[in-house]
Amino acid sequence: DNVYSSVNNTEVYISKPNNFQGVSEYDSRVVYSDFKENNTPQDSWLSYRVENYKDLDGNRGALNALINFKDTLYFFQENGFGALAVNPTSTVLDQSGVSIVLGTGDVIQDFKYLSNKAGVKSFKSITTSEGAIYFADVNLKKIYSLSEKGMQSITDSYGMKAWAHENISSDYMPRLG
């Protein structure tokens, strides 16, 4: 007679703090599919794994646009924009002089901000041409171009400060293109 023996069926619950707010929206996260490979039975571009993401700096605002321009993927947030390192590789020579291609296998490995101030509130404020990306920043009241020559404030370069100050506001989302 083991009166004191019983199966332990105790369940432990930890209460959430009163001010707890769960995160269900990751507005500065870039989610990506698997790398595309030819001759596979399943389309890799339809496979999104749990860990296939890259978080941008949330202090720059939500991710508002992704633009593919001249084989570079640019991201735009309200207070910054930059480029994503998509499947980058490096080539080194081995002892016999044969090239070896190096990479980690991640589709998006890193990102680099090109501006920590200029950005967009809406993807509608961005357009592209053959030679540049153009975007309007309603916070700074400026229109910018990004090309192989770098970033340029069209508003400053062409004497449009007064026009931009009067016509670009957070109430009005400029639609370029």
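- In plain terms, the two heavy atoms of A132 and S147 that are nearest each other are CB-CB, 3.9 Å.
- Counting only heavy atoms from C-beta outward, the side chains of I133 and I126 approach each other to under 4.5 Å.
- Every residue meeting the side-chain contact (heavy atoms from CB on, under 4.5 Å) condition with S157, not counting sequence neighbours, appears here in chain and number order: Q152.
- Under 4.0 Å is where a charged nitrogen must lie from a carboxylate oxygen, and between D55 and R29 at least one such pair does.
- Ring centroid separation for the pair F81 and F111 does not come in under the 6.0 Å cut-off.
- For the pair L84 and L66, the minimum side-chain heavy-atom distance is below 4.5 Å.
- K70 NZ: more than 12 foreign heavy atoms inside a 6.0 Å radius.
- The minimum heavy-atom distance between A118 and Y144, with the atom names listed, is CB-CE1, 3.6 Å.
- G131 and F69 get closest at one heavy-atom pair: C-CZ, 3.6 Å.
- Side-chain contact between Y53 and V30 is absent, with no heavy atoms from C-beta onward closer than 4.5 Å.
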Criterion side-chain contact (heavy atoms from CB on, under 4.5 Å) on S115 and M151, from CA distance to verdict:
CA-CA 9 Å; S115 173; M151 183 175 148; 4.1 Å; yes

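- For the pair V120 and E78, the minimum side-chain heavy-atom distance is 4.5 Å or more.
- Residue S153 holds its OG atom at 7.5 Å from NZ of K161, rounded to the nearest 0.5 Å.
- At a threshold of 4.5 Å between non-hydrogen side-chain atoms, the residues I143 and F135 do not count as touching.
- The minimum heavy-atom distance between A83 and T72, with the atom names listed, is CB-CG2, 3.9 Å.
- Taking each heavy atom of D57 and N59 in turn, the nearest pair found is OD1-N, 2.9 Å.
- Between D27 atom CG and L63 atom CG the span is 8.5 Å, to the nearest 0.5 Å.
- For D43, the salt bridge (Lys or Arg N to Asp or Glu O under 4.0 Å) criterion is met by K36, not counting sequence neighbours.
- Contact check for E11 versus Y13: side-chain heavy atoms found under the 4.5 Å cut-off.
- Nearest approach of D137 to G119, heavy atoms of both residues: OD2-N, 2.8 Å.
- To the nearest 0.5 angstrom, E166 atom CD is 9.5 Å from K141 atom NZ.
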Run N79 and K117 through side-chain contact (heavy atoms from CB on, under 4.5 Å) and show every step you take.
CA-CA 5 Å; N79 299 307; K117 294 180 182 175; over 6 Å; no

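- Every residue two or more places apart in sequence or in another chain that forms a side-chain contact (heavy atoms from CB on, under 4.5 Å) with N52 is listed here: Y32, D34, R49.
- When atom types are taken as modelled, the side chain of K54 and the backbone of Q109 share a donor-acceptor pair closer than 3.5 angstrom.
- Note that CZ of R60 is 9.5 Å distant from CZ of F75, once rounded to the nearest 0.5 Å.
- Counted by atom type alone, Q77 and N64 present zero donor-acceptor pairs between their side chains at under 3.5 Å.
- Distance CD1/I67 to CZ/F123: 9.5 Å, rounded to 0.5 Å.
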